[in-house]
Amino acid sequence: MTERLDDKTIVLGVTGSIAAYKGAELARRLMDLGADVHATLTRAGAEFITPLTLRTLTGNPVTVDMFEEPSEWQVKHVSLAERAAAVVVAPASADAIAKLSLGLADEFICTVALATRAPVIVAPAMNDKMLSHPATQEHLERLRARGVRIIEPETGRLASGAVGHGRLADPQVIAAAVVEAVAPGDLEGVRVLVTAGPTREPLDPVRFLSNRSSGKMGYALAEAAARRGAEVTVVSGPVSIPVPAGCRMKAVETAAEMRREVMRRFPRCRVLIAAAAVADYSVAGAGKKKLKRGDEPLSVELVPTKDILAECGDRKKAGQLLVGFAAETEDLLPHAREKLAAKKVDLLVANDVSQPGIGFESDRNAGYLLLADGAEVELPEMEKAAFAERIIDAVVERLGAREGRRRRR
Ligand code: PMT
């Protein structure tokens with residue numbers, strides 16, 4: 001990872017917060033890292049610090065009122081947006097966050113954020129009550145889902161004098177996030193397809209068979225891959241967690257729908273990660289009428305679903321990489337080894353879902369990573385986000401190894 005920002009244009013938006021003066025410190029830090037910083041103040045931001053401060057620090061003009069010089073800003077917001085290696089909004093007030101989330105464009109920094117395709121980093125700073133308000137949280141969630149990096153504010157003394165959550169993150173932390181965002185990811189441009197969550201197999205129009213998958217493992221994998229530069233699409237069963245940041249989403253319900261959406265996309269993806277808990281059986285003859293209660297036992301016939309991962313294993317082309325999971329309650333490794341071979345996957349993550357605190361629904365996981373060449377690595381218990389990073393590390397390593405082999409041929 002490059003640790004400097006030499007020759008990189010960074011657009012810095014300072015908005016209306018008492019922490020605006022720290023925007024000047026951030027500008028300084030970004031410049032120390034070699035960046036060409038173009039600062040802009042919102043009208044509220046200019047109430048807290050002057051354009052002169054930022055202009056003197058950065059050596060570049062500072063835009064406050066977009067309508068001051070129409071001929072210039074018209075061109076400028078687009079050219080800056082195109083040139084920017086990153087756009088940083090710090091401090092970001094509740095008002096600025098709402099505007100960015102809604103795509104409003106009445107401030108210069110908002111027009112740049114809309115026009116750019118560079119990473120956008122938002123560092124909120126506000127009163128703790130404003131930060132925890134559902135409106136602000138919804139806006140932050142929406143920005144996260146679009147791939148905007150949100151730098152968590154700190155807990156400390158706020159402008160009101162009270163101690164609370166909402167103080168701007170340390171400018172050093174924000175500058176480090178900018179460096180990370182600008183560094184090319186090790187999955188840059190790689191198309192990754194992830195399946196996640198459970199499927200629902202209808203019994204009748206109001207009842208279904210399903211399982212306890214929350215989607216957390218699959219979503220953590222999708223988010224980790226996207227953060228590392230991959231173009232990620234998630235085909236997800238019904239879950240109640242937010243869309244992973246920076247990913248495209250296709251929501252499905254049944255195993256058959258999941259199969260259709262995966263098979264449609266599989267030929268164009270480089271990596272498939274199958275973390276979904278797909279039903280192995282669906283209900284034969286599920287009707288359109290609600291089953292009536294009766295006194296006699298009721299039998300239903302279950303028919304096997306198609307195995308999506310195995311089908312992808314059969315259709316896999318040279319260069320494609322398959323990552324499967326094995327959710328087991330006994331004989332973890334022997335069963336996982338069988339699945340690795342039977343489904344022709346390159347990497348298989350074995351997790352023992354009978355263990356308390358890991359697997360289904362939990363925020364944590366543990367298991368083994370099995371490789372097609374016979375290698376097996378134990379993954380100790382950790383947060384699913386960290387578990388996902390370990391799996392993505394292995395994916396990157398396998399892709400790199402193949403590149404190397406191809407180049408040597
Ligand atoms: O969603 P969470 O609450 O975070 O829980 C995570 C998890 C336990 C669901 C996850 O870690 C996991 O183990 N996912 C796979 C669950 C599963 O269905 O395992 P399996 O051993 O039955 O299937 C093996 C592999 O075949 C899996 O990659 C599965 O996606 C795939 N499969 C299975 C059946 C089917 N019809 N089609 C498939 O593609």
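Numbering of ligands and ligand atoms starts at 1, following listing order.
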Near ligand 1 (heavy atom, under 4.0 angstrom), the protein residues are Ser213, Ser214, Gly215, Lys216, Met217, Ala274, Ala275, Ala276, Ala277, Val278, Ala279, Asp280, Thr305, Lys306, Asp307, Ile308, Leu309, Gly324, Phe325, Ala326, Ala327, Lys339, Lys343, Asn351, Val353, Gly359, Phe360, Glu361, Asn365, Lys384
What pairs of donor and acceptor atoms, side-chain ones from residues 273-294 against any protein atom, are under 3.5 angstrom apart with sequence neighbours left out?
none

Atom of Ala181, atom of Ile121 and distance for their closest heavy-atom approach: CB-CD1, 3.8 Å
Could you pull out every donor-acceptor pair under 3.5 Å between side chains of residues 375-394 and any protein atom, sequence neighbours left out?
residue : atom : partner : partner atom : Å
Glu376  : OE1  : Arg337  : NH2          : 3.0
Glu376  : OE2  : Arg337  : NE           : 2.7
Glu376  : OE2  : Arg337  : NH2          : 3.4
Glu381  : OE2  : Arg364  : NE           : 2.8
Glu383  : OE2  : Arg364  : NH1          : 3.0
Lys384  : NZ   : Gly359  : O            : 2.6
Lys384  : NZ   : Ser362  : O            : 2.7
Glu389  : OE1  : Arg228  : NH1          : 2.8
Glu389  : OE2  : Arg227  : NH2          : 2.6
Asp393  : OD1  : Arg228  : NH1          : 2.9
Asp393  : OD1  : Arg228  : NH2          : 2.8

For the pair Val345 and Leu309, evaluate side-chain contact (heavy atoms from CB on, under 4.5 Å) and give the outcome as yes or no after the intermediate values. CA-CA 8 Å; Val345 300; Leu309 183 58; 3.8 Å; yes
Identify every side-chain donor-acceptor pair in residues 170-178 under 3.5 Å, counting partners at least two apart or on other chains, and give the distances.
residue : atom : partner : partner atom : Å
Asp170  : OD1  : Gln172  : N            : 2.9

For Leu131, is there any backbone N or O sitting under 3.5 Å from a side-chain donor or acceptor partner on Gln137? yes
